[in-house]
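Here's the structure we're looking at; comments come further down.
Just so you know, these numbers use all the heavy atoms, side chains as well, and skip hydrogens, waters and symmetry mates. Counting convention: from 1, in listed order, for ligands and their atoms alike.
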Amino acid sequence: MSLKKMFLLIVAISSVCLLLHQGGHWNWSMQAFKDIGCPSLRSHPAPGLKPKHTNVAFIKTHKTASSTMQNIIFRFAESNNLTVALPAVSCKSRFCYPRTFNSHFVHEHTLPANIIANHMRFNETELRRIMPSDTKYITILREPASMFESAFGYFTECHSFNRVPNRSLEAFLEEPERYYRANEKDSTFARNTLTFDLGGDKDRPATDVEYALESVARVENIFSLVMISEHFDESLILLRHLLSWDLEDILYVKLNMRKSGSKRSLTPGLPEKIRAWNSLDARLYDHFNASLWRQLSALGPACVARELLHLQQAQERLMRSCFGTQTPLLRLAGQIKNMDLRPWQPKGKVDILGYDLPHNVSQSLSRQEQERCLKLVMPAPQYTKVLLSSQSQRYRRTHQHRTTS
Ligand SMILES: *[C@@H]1O[C@H](CO)[C@@H](O)[C@H](O)[C@H]1NC(C)=O
Ligand SMILES: *[C@@H]1O[C@H](CO)[C@@H](O)[C@H](O)[C@H]1NC(C)=O
Ligand SMILES: *[C@@H]1O[C@H](CO)[C@@H](O)[C@H](O)[C@H]1NC(C)=O
Ligand SMILES: *[C@@H]1O[C@H](CO)[C@@H](O)[C@H](O)[C@H]1NC(C)=O
Ligand SMILES: *[C@@H]1O[C@H](CO)[C@@H](O)[C@H](O)[C@H]1NC(C)=O
Ligand SMILES: *[C@@H]1O[C@H](CO)[C@@H](O)[C@H](O)[C@H]1NC(C)=O
C-alpha cells in the first residue's frame, strides 16, 4: 500500500469515528443528506446535477387525469427534441385499444422512440421491443368509486351502461351481471378498467385473491412510479425526483374535465358497491396509494412541502403570463373558437371543458411564448397530430439525407 493510500484510509476512518462520537453532528449530517435527496430547483444545465432521464413509457389509463400527465410528457419531449412513439394511422389515437399493444401498432416515422404516452392496453414484452432498455415505466391510478362514476357518465355509448333502465348508476350496481357482457368491446369501461389497461384480466372473480395479489406484484415489478390522481402534485414531485427533471418540466393545466353539473356525488353505500364490482382495481389502488405515501415520507415532509409550494408558485406565474389570470378561463367545448384547442366531446350530456387563449393577453407574448401557452392547453388528439406531423417531417429529412449521402 502506498503512503498516499494509507493516509487516505486513516483520514476516512477518523472521519467516520468523529461522526459516530458526536451525536449532534451526526444529526446535522443526516439533515444534509436529506437536503441532497431534495435537489435544489436550479434550472438545467447546472454542474453536479444528474442529467434528465429521457426514456419514459407512460401507460395512460382511462379517466384518471392521465391527459394532463400526457400533456406534460409531450411538452417535455418537444422541448428536448425527443421522439414520441405514436399510433399508426389505422390504430386511431389509442394504439388500437382495446386490443393488446403490439409493436406493429406504432407509426414507423416515430421510431426509434424515447417516449410513449398514448392510450394502450399494456403488454410488457411488446413494449420492450420498441423502447430503450433503460426506459422508466410510469402509470397513474384513480380512486375506483369516483373513477367508475366518471366512466359511467363519460362513456355514453357503452352498451353495458346503456342497457340499464334510465341509465341509472344505482340500478347498474344492484345487479351488474345483468347488464354487463364481458366480451363486448366496450365492456372494458364497465369493470376493472385500470387492471385491463395495465394488461390484466378484468373478469377474474373477486374470490381469486391470489390473482389480485399477483396483479399488484406484476405492476410493482415493472413500474418505477405509480401516480395517484387524487394526489397529483405529490405524484409529480416523485416523478421529478425519479427522472431528475426540473420544476419547469412538471408545470401543467388540468385537461379534459367535466362541467361540475355533469358530475354527481355518490349516495351512501354506492362507493362500497363500486369497489366490490371493481375489486381488482380497488386492490391496486389501495396498494399504490399506500406506496405513494411511503415514498413521500421517505423523501421527507419538509422537502415535499417545499416543492409543493414551489410548484404552486411557478404554476401561478405561468398562468398569469399565458392567460392573464390566476387560472385560465374554462369554456364549454362548443364555445372554443380555436379548433386546435377544442376538446373531444362524448355524445350526450357530458359537458367537457377546455380553454381558449385570451386574445388581448397573447398579443403581448412572443411567438415562442404563445406556442408554449397553446401547447399547455392543447387536447390530446390535436397534440398527437401535431407531433406526428413534425416527427414525420424529421423522419423524411433524415431518411433523405441517408439515401442521398
Ligand atoms: C435533529 O435535528 C432536527 C432539526 O434539525 C430536530 O428537530 C431533531 O430533534 C434532531 N434530532 C436529534 C436526535 O437530535
Ligand atoms: C432541439 O433542436 C433544435 C433545432 O434543431 C435546437 O435548436 C435545440 O437546441 C435542440 N434542443 C435541445 C434541448 O437539444
Ligand atoms: C404479450 O406479448 C407477447 C409477445 O408478443 C405474447 O406472447 C403475449 O401473448 C401477449 N400478451 C397478451 C395478453 O396478449
Ligand atoms: C325512470 O325514470 C322515470 C322518471 O324519472 C320514472 O318515472 C320511472 O319509474 C323510472 N324507471 C325505472 C325503471 O326506474
Ligand atoms: C391515500 O393514502 C393516504 C395516506 O394513507 C390517505 O390519507 C388518503 O386518504 C388516501 N387517499 C385516498 C383517495 O384514499
Ligand atoms: C383581456 O380581456 C378580458 C375581457 O375580454 C379582461 O377581463 C382582461 O382583463 C383583459 N386582460 C388584459 C391583460 O388586458
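Among all non-hydrogen protein atoms, the one lying nearest atom 13 (C) of ligand 5 is Tyr285 OH, 3.0 Å.
For ligand 3, the polar-atom distance check against Asn123 finds a nitrogen or oxygen pair separated by under 3.5 Å. In terms of polar-atom proximity, Glu126 is counted as a contact of ligand 3, with an N or O under 3.5 Å from an N or O of the ligand. Checking only distances, Asn289 does come within under 3.5 Å of ligand 5, N or O to N or O.
Between Arg275 and Asp286 there is a salt bridge, since at least one side-chain N of the basic residue sits less than 4.0 Å from a carboxylate O of the acidic one. Between Arg240 and Glu307 there is a salt bridge, since at least one side-chain N of the basic residue sits less than 4.0 Å from a carboxylate O of the acidic one.
Atom 7 (O) of ligand 3 lies below 4.0 Å from none of the non-hydrogen atoms of the protein. Inside a 4.0 Å radius of atom 2 (O) of ligand 5 there is at least one protein heavy atom. Atom 11 (N) of ligand 3 is approached by the protein to below 4.0 angstrom, counting heavy atoms only.
Counting atoms of ligand 5 from 1 in the listed order, those under 4.0 Å from a heavy atom of His231 are 1 (C), 10 (C), 11 (N). Counting the atoms of ligand 3 from 1 in the order shown, those under 4.0 Å from a heavy atom of Thr100 are 12 (C), 14 (O).
Rounded to the nearest 0.5 angstrom, Met378 CE and Lys385 NZ are separated by 11.0 Å. Atom CG of Leu194 is separated from atom OG1 of Thr139 by 8.0 Å, given to the nearest 0.5 angstrom. With rounding to the nearest 0.5 Å, the separation of OG1 in Thr195 from OH in Tyr211 is 7.0 Å.
For the residue pair Tyr285 / Asn278, no side-chain donor-acceptor distance below 3.5 Å is found, with atom types taken as modelled.
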Report task. Could you go through the salt bridge (Lys or Arg N to Asp or Glu O under 4.0 Å) check for Asp246 and Lys52 one step at a time? Result -> CA-CA 8 Å; Asp246 291 335; Lys52 296 183 191 183; 3.2 Å; yes

